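Residue indices begin at 1 and follow the sequence shown. Please read all numbers here as calculations on a predicted model, not as lab measurements.
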Amino acid sequence: MNLRGIVAVSGRPGLFKLVGQNKAGYVLESLDAQKVKIVANMTTTKLASLEDITVYGEDDDLKLTDVLANMVASKGNVPDAKAESGVLKTFFKEVAPGHDEEKVYASDMKKIVSWYHILKDLPLFTEEAPAVDDEHDTLKADDKLDKKPKATPKASNAKVPSKTTQPAKKANMTSKKGV
């Protein structure tokens, strides 16, 4: 399941695909049938990548991708997002075993089920997530450890800062001739 680039936006229903970024904010495209493009302000809008979202667990937190994979394995037994909270809680006990029932509210369950219904028909939902090459990463880390940071050469006209900085002297308006 490849959820790279799929985000949830605070204050907006549904899911969005991160298309790009400009100086005003993030350019997002909705995943529903309308394909509305919006620009989410960087300073006021909070984005949550679905790859990084976790569900509270009793021992360890559960990744959202694992919960969605369990929903796929349930083969069509996924209730509607508007179902009663009792139905959602029993369903969530099946697909997210070990979730913390006190911290995971019915509204959270409804949100995850609605996300599943949005994502289930998309082609990226069935494709594999890009694998990270562990050997490649360890080689890069070893190279960084072996190399010492190079000292940047100072410019020839650079002044050495003194320990006690003094205010600038007042400019003298008289010329050398005294005129």
Side-chain angles (χ1 to χ4, degrees), residues 1-21 25-36 38-142 144-145:
M1 172 175 329
N2 182 11
L3 298 178
R4 188 166 302 231
I6 306 298
V7 295
V9 180
S10 64
R12 291 191 179 262
L15 293 174
F16 296 87
K17 180 179 181 181
L18 185 62
V19 178
Q21 182 177 356
Y26 299 105
V27 179
L28 305 172
E29 181 180 59
S30 66
L31 291 180
D32 57 1
Q34 293 144 355
K35 300 289 183 190
V36 176
I38 62 169
V39 177
N41 189 348
M42 281 191 230
T43 58
T44 59
T45 306
K46 294 181 183 176
L47 300 180
S49 173
L50 292 191
E51 285 182 320
D52 301 333
I53 293 178
T54 58
V55 178
Y56 288 115
E58 293 173 351
D59 298 329
D60 291 330
D61 290 344
L62 309 170
K63 288 190 171 192
L64 181 66
T65 54
D66 297 337
V67 174
L68 291 174
N70 291 343
M71 288 178 154
V72 171
S74 69
K75 303 235 186 219
N77 296 333
V78 180
D80 189 34
K82 295 181 181 178
E84 293 181 14
S85 63
V87 174
L88 288 173
K89 287 182 181 183
T90 56
F91 173 71
F92 232 72
K93 286 180 184 177
E94 296 173 12
V95 297
H99 75 279
D100 192 347
E101 295 181 23
E102 293 178 3
K103 292 182 181 177
V104 181
Y105 299 113
S107 61
D108 300 329
M109 295 176 197
K110 287 181 181 183
K111 188 182 296 185
I112 291 172
V113 168
S114 68
W115 289 348
Y116 170 77
H117 288 299
I118 292 171
L119 291 171
K120 69 180 178 182
D121 299 325
L122 296 176
L124 59 91
F125 192 65
T126 56
E127 71 183 43
E128 290 294 318
V132 178
D133 189 11
D134 291 334
E135 293 177 16
H136 192 298
D137 291 341
T138 56
L139 288 176
K140 282 186 176 179
D142 291 340
K144 288 180 182 176
L145 291 176

- Message: Rounded to the nearest 0.5 Å, what separates atom OG in S85 from atom CE in M109?
- Response: 8.5 Å
- Item | Heavy-atom side-chain proximity of D80 to V113 below 4.5 angstrom | no
- Could you state the interatomic distance from OH (Y116) to CE (M71), rounded to the nearest 0.5 Å? 8.0 Å
- Query: Is there side-chain contact between V78 and K120, with heavy atoms separated by less than 4.5 Å?
  - Reply: no
- Query: Less than 4.5 Å apart, any side-chain heavy atom of V72 and any of N70?
  - Reply: no
- Message: Ignoring hydrogens, what is the shortest heavy-atom contact between L88 and A83? Give both atom names and the distance.
- Response: CD1-O, 4.0 Å
Under 3.5 Å, sequence neighbours excluded: what are the donor-acceptor pairs made by side chains of residues 92-108?
residue: H99; atom: ND1; partner: A96; partner atom: O; Å: 2.8
residue: D100; atom: OD1; partner: E102; partner atom: N; Å: 3.2
residue: D108; atom: OD2; partner: Y105; partner atom: N; Å: 3.2

- Task: Return the minimal non-hydrogen interatomic distance between F91 and S74, and the atom names on each side.
- Result: CE1-OG, 4.1 Å
- Check whether any side-chain heavy atom of D52 lies under 4.5 Å from a side-chain heavy atom of L64, and answer yes or no. no
- Is there side-chain contact between L62 and T54, with heavy atoms separated by less than 4.5 Å? no
- Task: Could you walk me through whether I38 and R12 pass side-chain contact (heavy atoms from CB on, under 4.5 Å), step by step?
- Result: CA-CA 11 Å; I38 62 169; R12 291 191 179 262; 3.5 Å; yes
- Please name the pair of heavy atoms, one in D61 and one in Y56, separated by the smallest distance, quoted to 0.1 Å. OD1-CA, 3.7 Å
Donor-acceptor pairs under 3.5 Å, side chain of residues 41-50 to any protein atom, not counting sequence neighbours: which ones?
residue: N41; atom: OD1; partner: T43; partner atom: N; Å: 3.2
residue: N41; atom: OD1; partner: T43; partner atom: OG1; Å: 3.2
residue: T45; atom: OG1; partner: N41; partner atom: O; Å: 3.2
residue: S49; atom: OG; partner: E51; partner atom: N; Å: 3.4

- Message: Quick one, I53 and W115 - any side-chain contact, counting heavy atoms below 4.5 Å?
- Response: yes
- Flag, side chain of H117 to backbone of P79, donor-acceptor distance under 3.5 Å: yes
- Give a yes or no on whether K89 atom NZ has more than 12 heavy-atom contacts from other residues, nucleotides or ligands under 6.0 Å away. no
- Decide if atom NZ of K82 counts as having more than 12 heavy atoms of other residues, nucleotides or ligands within a radius under 6.0 Å. no
- Step by step, would you call V7 with L15 a side-chain contact (heavy atoms from CB on, under 4.5 Å)? CA-CA 6 Å; V7 295; L15 293 174; over 6 Å; no
- Please report the C-alpha distance between K17 and L31 in whole Å, then the side-chain angles of each, then the deciding distance to 0.1 Å, and finally whether the side-chain contact (heavy atoms from CB on, under 4.5 Å) criterion is met. CA-CA 7 Å; K17 180 179 181 181; L31 291 180; 4.0 Å; yes
- Side-chain heavy atoms of L68 within contact of L3, under 4.5 Å: yes
- Item | Minimum side-chain heavy-atom gap L28-L18 below 4.5 Å | yes
